[in-house]
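Shown next, in structure tokens, is the structure this report addresses.
In what follows, chains carry the letters A, B, and so on, assigned in the order in which the sequence lines appear, proteins first and then strands, with residues in each chain numbered from 1.
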2 protein chains.
Amino acid sequence: MVESDAGTPRERYRAQVQEEIKAHAWGQIRSAGASALSLSAIAKRMGLSGPALYRYFAGRDELITALVRDAYRSLADAVRLQAEAGADLPALARVLRGWALADPQRYFLVYGTPVPGYEAPEDTTAIAAEIMAVLLDAGAAAAPVASAPSALEVHLAEHRAWDGGHPAPPSALRLALAFWTRLTGVLSLELAGHFAGMGFDPEQLYEAEVRALTGR
Amino acid sequence: MVESDAGTPRERYRAQVQEEIKAHAWGQIRSAGASALSLSAIAKRMGLSGPALYRYFAGRDELITALVRDAYRSLADAVRLQAEAGADLPALARVLRGWALADPQRYFLVYGTPVPGYEAPEDTTAIAAEIMAVLLDAGAAAAPVASAPSALEVHLAEHRAWDGGHPAPPSALRLALAFWTRLTGVLSLELAGHFAGMGFDPEQLYEAEVRALTGR
DNA sequence: CGCAATGAGTTAGAACCTATAACGGAAGCA
DNA sequence: TGCTTCCGTTATAGGTTCTAACTCATTGCG
């Protein structure tokens with residue numbers, strides 16, 4: 001993806017090999033899921049012998065962590081890019097769905113089953129905050145004019161440690177949150193195959209949820 | 001869970017050992033996730049030697065499939081039990097959340113990351129239909145009186161292969177579907193830890209979604 | 001330019017894992 | 001009693017992650 005021109009030749013080579021390892025890892029994950037990711041298999045396909053990869057990633061977990069970070073990063077970039085182009089909430093919703101459908105396993109690396117012990121590294125929480133900031137921007141632009149705040153809006157107004165200093169009104173906090181939970185709800189079920197055989201078109205459900213969020 | 005008194009002594013013993021294996025499997029899954037499930041480790045803790053377990057489950061996949069089926073079954077039972085006691089949608093929502101919080105990894109075995117190749121066995125889709133039927137019952141009871149049907153409701157009315165012959169109106173189809181997607185949306189994010197550090201109480205968000213579904 | 005330091009890649013091997021094969025023996029049953 | 005069924009064993013093959021110890025090319029400094 002990113003041609004890293006900086007640094008010494010060795011650093012450039014190292015970064016290039018790391019990218020190649022991740023590319024093969026994505027191939028495996030796309031076809032058989034993250035649990036089937038095998039360092040040995042990657043090494044074999046790269047013409048290397050197993051332990052060579054440990055020069056580039058301390059272990060399987062560190063490779064997966066890097067993949068999670070890249071997945072998160074690509075989502076944040078996609079969303080931020082559209083937002084900077086002036087996209088409103090419905091447009092952002094379509095970006096989210098497009099990103100998810102383009103690679104379901106990448107989506108699940110971000111929003112799928114967590115490993116009980118696993119603690120997300122600092123930078124991924126920063127990326128999550130970045131996504132939330134975009135949603136808050138768009139939510140503040142779309143939030144309805146003040147009526148009597150709901151019980152949830154009162155609660156959110158009192159617990160907005162996550163807003164990153166964003167001056168969004170309580171209704172925007174609630175809107176951004178609902179946007180996030182409702183759309184990932186549809187996407188998670190759709191991508192996990194829970195709609196299979198039900199006959200309806202998931203996209204229509206998704207779009208209806210978007211309309212419901214933005215006031216019909 | 002179920003004391004199986006039926007069958008020959010051998011069949012009873014076999015069923016009992018199978019249950020014991022699954023109990024140990026749940027222990028492992030609870031503490032380290034499904035990917036960490038190890039037949040060898042289970043055998044060791046049962047005082048058996050590895051291959052003995054293959055008399056009871058053809059392999060790791062078959063054991064996991066059995067666990068998924070049990071998890072699905074326990075959710076369907078919990079939901080149906082409440083529905084038969086006359087529970088409305090908000091009460092069913094609380095059952096769902098209680099079931100999910102009681103064992104997050106069990107929830108993720110049903111609604112978490114799917115394995116790309118994996119095809120759900122016939123009986124789990126039957127259980128899914130059973131859950132859907134309960135939601136349709138409750139949805140039909142709570143659905144608003146007919147107004148102009150939305151675009152989604154028209155679409156659902158034309159693609160209701162999944163309703164199992166339930167005579168629910170389009171608005172009830174839409175309500176049951178939204179109930180399912182919105183609440184699993186909140187639960188999946190909450191249980192995966194995506195709300196960690198945000199400060200607000202996930203239950204208040206959940207209850208607000210329930211209120212929004214049932215008309216404030 | 002030359003030489004030491006750095007680091008990439010190798011093989012060997014330990015400790016796991018799933019899964020199969022072949023065997024011994026106990027339990028059920030006629 | 002004797003036969004059949006099936007449980008549990010050990011042995012084994014082949015897979016995985018990961019560490020250790022070694023070779024050797026490349027880099028960069030004096």
Side-chain donor/acceptor contact of A:Arg55 with base of C:dG9 under 3.5 Å: yes
Side-chain donor/acceptor of B:Arg10 to base of D:dT5, under 3.5 Å: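 Present.
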Residue closer to the 5' end of DNA chain C, B:Gly59 versus B:Thr8 (nearest nucleotide): B:Gly59
Report the distance from atom [atom1] of [X] to atom [atom2] of [N], rounded to the nearest whole Å.
X	N	atom1	atom2	result
B:Asp61	C:dT18	CG	C1'	10 Å
B:Leu39	C:dT18	CG	P	5 Å
B:Phe57	D:dC6	CZ	C1'	17 Å
B:Glu20	D:dG8	CD	P	10 Å
A:Ile64	D:dT16	CD1	C1'	13 Å
B:Arg14	D:dG8	CZ	C1'	13 Å
B:Glu11	D:dC6	CD	P	9 Å
A:Gln18	C:dG9	CD	P	11 Å

Charged N-O contact under 4.0 Å between B:Arg14 and B:Glu11: no
N/O (side chain, [X]) to phosphate O (OP1/OP2, [N]) under 4.0 Å:
X	N	answer
A:Tyr13	C:dG9	yes
B:Ser49	D:dG8	no
B:Tyr54	C:dA21	no
B:Ser40	C:dT18	yes

Pairs involving residues 84-110 of chain B, ordered by first then second residue, that meet ring pair (Phe, Tyr, Trp, His ring centres under 6.0 Å) (sequence neighbours left out): B:Tyr107-B:Tyr111
Under 3.5 Å donor-acceptor, A:Glu209 side chain and B:Ala178 backbone: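 Absent.
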Under 3.5 Å donor-acceptor, B:Gln82 side chain and B:Val95 backbone: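 Flag not set: sc B:Gln82 to bb B:Val95 has no pair under 3.5 Å.
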Touch class at under 4.0 angstrom, heavy-atom based, for A:Ser38 against every strand present: sugar-phosphate
Sugar-phosphate, base or nothing in reach of B:Tyr56, heavy atoms under 4.0 Å: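 Here B:Tyr56 touches the backbone only, sparing every base.
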Matching residue for B:Trp26 among B:Leu37, B:Ile21, B:Leu67 - test: side-chain contact (heavy atoms from CB on, under 4.5 Å): B:Leu67
